[in-house]
Visitor: 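Next up is a structure, given as structure tokens.
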Amino acid sequence: MASYSTNEFKGGLKIMMDGDPCSIIENEFVKPGKGQAFNRVKIRNLKTGRVLEKTFKSGESVEGADVHETDLQYLYNDGEFWHFMDPQSFEQVSADQAAVGESAKWLKEQDSCLVTLWNGSPIIVEPPKFVVLNITDTDPGLKGDTSGSGGKPATLETGAVVRVPLFVQIGEAIKVDTRTGEYVSRAKED
Amino acid sequence: MTQSDTWRPSASLGMIRARAEMLSRIREFFRQAGVLEVESPVCSRYGVTDPAIDSFAARYTGPGAAQGLDLFLQTSPEFPMKRLLAAGSGPIYQLCKVFRNGELGRRHNPEFSLLEWYRPGYDHHWLMEEVADLINRLVETPLPVEKLTYGEAFEQTLGLNPHLAGIDPLRRCAIEQGISGAGELIIDHRDGWLDLLLSHLIEPGLGENGMTFLYDYPASQAALARVRGGTPAVAERFELYLSGMEIANGFHELTDGREQRRRFVEDNRRRRESGRPVIPMDESLLAALAAGMPACAGVALGIDRLLMFLTGCNDIRQVLAFDISRA
């Protein structure tokens, strides 16, 4: 992997830090008029998601990280790993619990996810912004209530629990915003 | 920024007017003070030897230089202005563009504007007062003035003596104070560690509620200032900070030509050590000092940063008609 000098630092650049792949969020050039120049960077550790600061002497070089994002199709979960496939090459990769994390509850087979690969292995799995999932369990609510006020919890086919309006019933498919975990609408019948 | 709008200024038209207003008030201040406005060459066959400042190079070819003549763009107008002083100009000021290679960030643009002025007969304390007067002429309500020695600033914030502490305690302090990555930094000069501590831990708190002048710098950071003997010896140098931002750097100027030559040679020795280009020292300045420059104090003030402060901007691009990305 190439190395980058501080002059190449910018938001989004992927570098290695303490053995982990990181992404630069912010790069600030700091220099007393007649003194040593430094680069103060804010970086996100892509494995842990933690944001940290780090100061480099300007002109230093750091090792780049072989990180890229790609759209992969979710295939199945074997109990330990989540398996994905590149729809063009049909190559498969498996992601562990650490990579999938909270996204697990939104993963539906055949859906396309944005997967961050480091040295070819998934480290971050992002579900689609909106997913359509079937309700497997919810209280039979009041028929005819269309106000949506209050609502009730509903368990979805992936195990996720979201609040839905009272009129939504078991067996129906609903659209959910995975960024907020909120119900959007009933899925259109087609 | 798409390709089609890179022709547009990075500053607003209101900001461009604010700059013009500021410049005219600065000129009025010096007119009333009886300080003469001067101009000097931007290009010089001599450069600045300071190991922490890099020059741009240019080349003239034509009458008088058929084979070409290498020139440096000035990083400050200091050397020619000192030659004017030695020639008997009396108090002078200049508003000009200066160029520093390798410097770009929220507070840096490789080409920027300096206000530089010299006061024969002044020392650095007297000049600090005049700097404060000028700033207070440009703000709506006068700012309180705080003066702090470099040593006091380090003692108060970090509990260490910057004139005596060696590299190890400075490095330890940087780590203990939580400068992330400090443990892995390779800085082989004490001053580099002092710069790290100053820029990360002290500077952000300077000039919070007014003007803060830092003065009496370590002798090793004298640059072109006089060194006053004593324990410890200190450089009669000052800097002005506004809202945590370095605005001006001034000296009770070194007038001893032999000492000046020794410092240029030492600068170039450090440049050679770190694999950087050696810069031809300004023999014209050295000759002027040998001929006799009046005792004086001088200061360089960053006009763009001052405008940032006056208008409450936090990015230098907002005060430049065209920053380097649009130049």
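Labels below follow one simple rule: chain letters A, B, ... track the order of the sequence lines, proteins then strands, and each chain is numbered from 1. The basis for the numbers below is simple: all heavy atoms, side chains too, and nothing from hydrogens, waters or symmetry mates.
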Visitor: Looking at side-chain heavy atoms only, is the closest gap between T75(B) and V98(B) below 4.5 Å?
Guide: no
Visitor: Look at the aromatic rings of F238(B) and F213(B) and report parallel, tilted or perpendicular, splitting at 30° and 60°.
Guide: perpendicular
Visitor: Pick one of side chain, backbone, both or neither for H189(B), based on which atoms fall under 4.5 Å of a heavy atom in chain A.
Guide: neither
Visitor: Could you check if a side-chain atom of I43(A) sits within less than 4.5 angstrom of a side-chain atom of K54(A), using non-hydrogen atoms only?
Guide: yes
Visitor: Using heavy-atom distances under 4.5 Å, tell me whether E103(B) contacts chain A through its side chain, its backbone, both, or neither.
Guide: both
Visitor: Taking the side chain as C-beta and beyond, is there a heavy-atom pair between L107(A) and F84(A) under 4.5 Å?
Guide: yes
Visitor: Let me know if D191(B) has heavy atoms under 4.5 Å from chain A in its side chain, its backbone, both or neither.
Guide: neither
Visitor: Determine the option with the most heavy-atom pairs under 4.5 angstrom with chain A, choosing from I186(B), L194(B), L196(B).
Guide: L196(B)
Visitor: Pull out the residues in residues 169-182 of chain B that come under 4.5 Å of chain A, heavy atom to heavy atom, sorted by number.
Guide: I179(B), S180(B), G181(B)
Visitor: Just to verify, which of L117(A), L46(A), V100(A) counts as forming a side-chain contact (heavy atoms from CB on, under 4.5 Å) with I124(A)?
Guide: L46(A)
Visitor: Out of E60(A), K31(A), Q36(A), which one racks up the most heavy-atom pairs below 4.5 Å with chain B?
Guide: K31(A)
Visitor: Salt bridge between D54(B) and R271(B), side-chain N to carboxylate O under 4.0 Å?
Guide: yes
Visitor: If I measure from the heavy atoms of chain A, does L198(B) come under 4.5 Å with its side chain, its backbone, both, or neither?
Guide: neither
Visitor: Within the 4.5 Å heavy-atom criterion, are R226(B) and E253(B) side-chain neighbours or not?
Guide: no
Visitor: Decide if the gap between the ring center of F56(A) and the ring center of F9(A) is smaller than 6.0 angstrom.
Guide: yes
Visitor: Once you measure the plane-to-plane angle for H108(B) and F29(A), does it fall in the parallel (<30°), tilted (30-60°) or perpendicular (>60°) bin?
Guide: perpendicular
